[in-house]
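Just follow the structure's listing: the first ligand is 1, and inside any ligand the first atom is 1.
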Amino acid sequence: MAEKRKFQAIKGTRDLLPPDTELWNRVEATAREVFGTFGFGEIRPPIFEPTELFARSIGADTDVVSKEMYSFPDHGLWSLEGVRTDILLRSPDWSDPYSVKIFTRIIDSFIDRTSAAMLQGEMPKTTDNERAIEQLRAASVRVSTAMVPQTAGLSEAALSLCLEHIHNAAALLKFGDLVTLRPEATASVCRAYIEHGMHAWPQPVKLYYMGPMFRRERPQKGRYRQFYQIGAEVLETVQPGQGGAKDIPKDAAVDAEVIEMVMTFFARLGLEGAQLEINSIGHAAENCRRGYVQKLKAALEQVKDRLGPDSQRRIETNPLRVLDSKVESEQAIIAGLPKIADHLCDDCAKQYAEVKRQLDLRGVNYAENWRLVRGLDYYMRTTFEITAKGLGSQNAVCGGGRYDGLVELLGGLPTKGIGFAIGEDRLILSLQEAGKGEAAAGRDVFVAWMGEKAQATAIGAAQRLRAAGYRVELPPAEQKFGKALGQADKLGARYAVILGEDEVATGQWTVKTLADGSQQKMSEAEFLERLKREVKES
Ligand code: HAM
């Protein structure tokens with residue numbers, strides 16, 4: 001008998017259940033509503049994309065790409081993958097012809113199967129794959145020939161070299177392309193923008209998305225491996241003769257409107273204590289961010305001994321990220337480092353000033369935070385983050401910024417971009433902590449019935465009430481009224497309609513209000529009127 005196994009959701013993932021999902025749906029419906037009023041349309045990109053798309057957009061040295069992505073080769077050749085692993089682990093005993101023969105047989109069959117898979121299009125027919133198969137074939141022939149007594153003559157060292165060639169060639173074979181469960185969606189939106197020729201759509205193109213993202217982070221409160229984002233992006237291809245300094249006021253207004261939209265959404269949800277922080281990280285040029293990073297690096301080298309291992313490592317890989325450090329002992333040191341605002345080029349400084357003016361025009365409150373650099377490589381100029389209450393250390397509920405150039409980096413036309421993503425799990429948590437996550441009553445009406453005739457009336461009543469949009473529970477089997485009322489109470493129903501012989505005969509239903517236990521007789525039409533007044537309006 002198969003061993004009984006208790007399955008559980010994988011670490012860092014979870015089930016979202018009712019009644020919580022009601023709040024999730026409310027949040028998502030509000031996002032659609034608010035974003036719609038700003039002229040955004042929904043995009044639903046795939047959950048997985050080529051690994052290269054994220055590596056190129058987000059940056060190979062970022063935490064997300066270097067350690068947090070769920071990536072896997074996309075193919076169905078798992079038994080061949082098993083043979084490959086077997087070959088990689090094997091090292092035949094050269095003094096034992098039988099052991100060598102088995103080894104070469106495994107390789108020859110592997111070569112036949114991979115060649116057939118390539119012919120049938122199950123495996124990419126690339127020059128690298130063809131070369132790897134040729135190398136395997138050549139090495140296998142050399143080994144087989146060396147084993148025939150008449151032609152034997154390869155030294156053990158030469159045979160070991162053959163084995164190395166075999167291992168290298170087997171390791172090089174690619175059964176399928178590497179794909180990744182999306183860790184974020186900005187890269188996907190840019191990919192879609194290029195793929196669907198959106199540069200030819202009316203500009204700018206405003207898109208929003210919502211759905212699961214995947215990052216292999218250490219799970220804790222507000223941090224999951226499968227988490228949900230609600231995000232939006234504004235993309236605009238630079239037309240010939242446009243761009244440059246004269247676009248600064250327009251770009252700044254777009255940045256401010258995007259930020260205004262998130263803040264409007266949060267306000268509509270009743271999220272309290274949302275704090276917006278903004279910064280500008282300039283653009284990648286010697287007279288702007290690149291020059292600043294050099295100065296920052298030099299300053300960091302001076303204080304290196306007083307920094308922890310993570311920051312020390314980042315001096316080499318990504319000095320800007322040192323500014324993100326939350327390590328207590330580093331805070332005073334970081335406060336004394338050069339500030340990017342003092343090293344922005346003229347255009348970036350103007351754009352930053354204009355973003356602040358545009359936020360003021362819109363009545364959006366913000367605080368400046370010169371240490372806000374964000375963890376993804378594609379940003380330039382405006383960056384922002386919003387924190388919310390009740391979240392502990394993972395209190396960033398939204399992050400975003402401008403990413404002019406990303407579409408071009410991915411093979412598209414020169415295009416500007418700005419957007420954000422809200423951590424929906426954190427948003428929900430913050431709303432719940434503040435008591436804003438109250439789920440509505442479980443049912444509007446519980447229809448209790450006794451007797452065959454009453455069941456027919458109850459079915460008809462349930463159908464009409466549901467058609468009018470009310471949430472109705474109709475028990476599948478007859479219940480004593482006392483028990484039925486107990487169940488109605490447990491389900492959080494507002495009203496119980498009691499249908500017995502009398503009610504069916506007179507057409508006067510007994511309606512019980514569960515909150516106060518009061519009971520009244522009324523016709524179906526009167527009950528519908530009451531529901532309309534009391535349920536629809538609440
Ligand atoms: P991000 O800062 O990496 O930006 O993520 C945005 C938000 O997603 C975070 O502020 C946080 O609320 C939430 N989040 C991130 N990781 C987790 C996690 N492991 N568990 C729970 N929530 C998480 C981006 O993803 C960019 N694509 C945002 C953007 C759009 N920038 C421009 N356009």
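Taking each of G419, A388, G423, G400 in turn, the one with a heavy atom nearest to atom 13 (C) of ligand 1 proves to be G423. Around atom 1 (P) of ligand 1, the closest heavy atom drawn from E184, R374, R182 belongs to R374. The option with the heavy atom closest to atom 16 (N) of ligand 1, from among Y379, Y228, F420, F227, is F227.
Nearest protein neighbour of atom 8 (O) of ligand 1, counting heavy atoms only, is Q229 NE2, 3.2 Å. What sits closest to atom 21 (C) of ligand 1 on the protein, heavy atoms only, is G222 O, 3.3 Å. Of the protein's non-hydrogen atoms, A396 O, 2.7 Å is the one closest to atom 12 (O) of ligand 1.
Between R223 and ligand 1, no N or O atom pair is found at a separation short of 3.5 Å.
Distances below 4.0 Å separate heavy atoms of G399 from the following atoms of ligand 1: 10 (O), 28 (C), 29 (C). Atom numbering of ligand 1 starts at 1 in the shown order; those under 4.0 Å from a heavy atom of Y378 are 26 (C), 27 (N), 31 (N).
Salt bridge annotation for E68-R216: absent, with no cationic side-chain nitrogen under 4.0 angstrom from a carboxylate oxygen. Salt-bridge annotation for K436 and E272: present, with a side-chain N of the basic residue lying under 4.0 Å from a carboxylate O of the acidic one.
V65 is not listed as a side-chain neighbour of T51, based on a closest heavy-atom distance of 4.5 Å or more. Within the 4.5 Å cutoff, the side chain of E81 has heavy atoms near those of the H75 side chain.
In C398, the part holding a heavy atom less than 4.0 Å from any atom of ligand 1 is the backbone. The part of V397 lying near ligand 1 is the backbone, judged by heavy-atom distances below 4.0 Å. In E233, the part holding a heavy atom less than 4.0 Å from any atom of ligand 1 is the side chain.
Using cut-offs of 30° and 60° for the angle between ring planes, the Y208 and F35 rings count as perpendicular. Classification of the F72-F48 ring pair by plane angle, with boundaries at 30° and 60°, yields tilted.
For the salt bridge (charged side-chain N to carboxylate O under 4.0 Å, His left out) criterion with E236, the lone passing option out of K250, R402, K416 is K250.
Not a single heavy atom of V189 sits closer than 4.0 Å to an atom of ligand 1.
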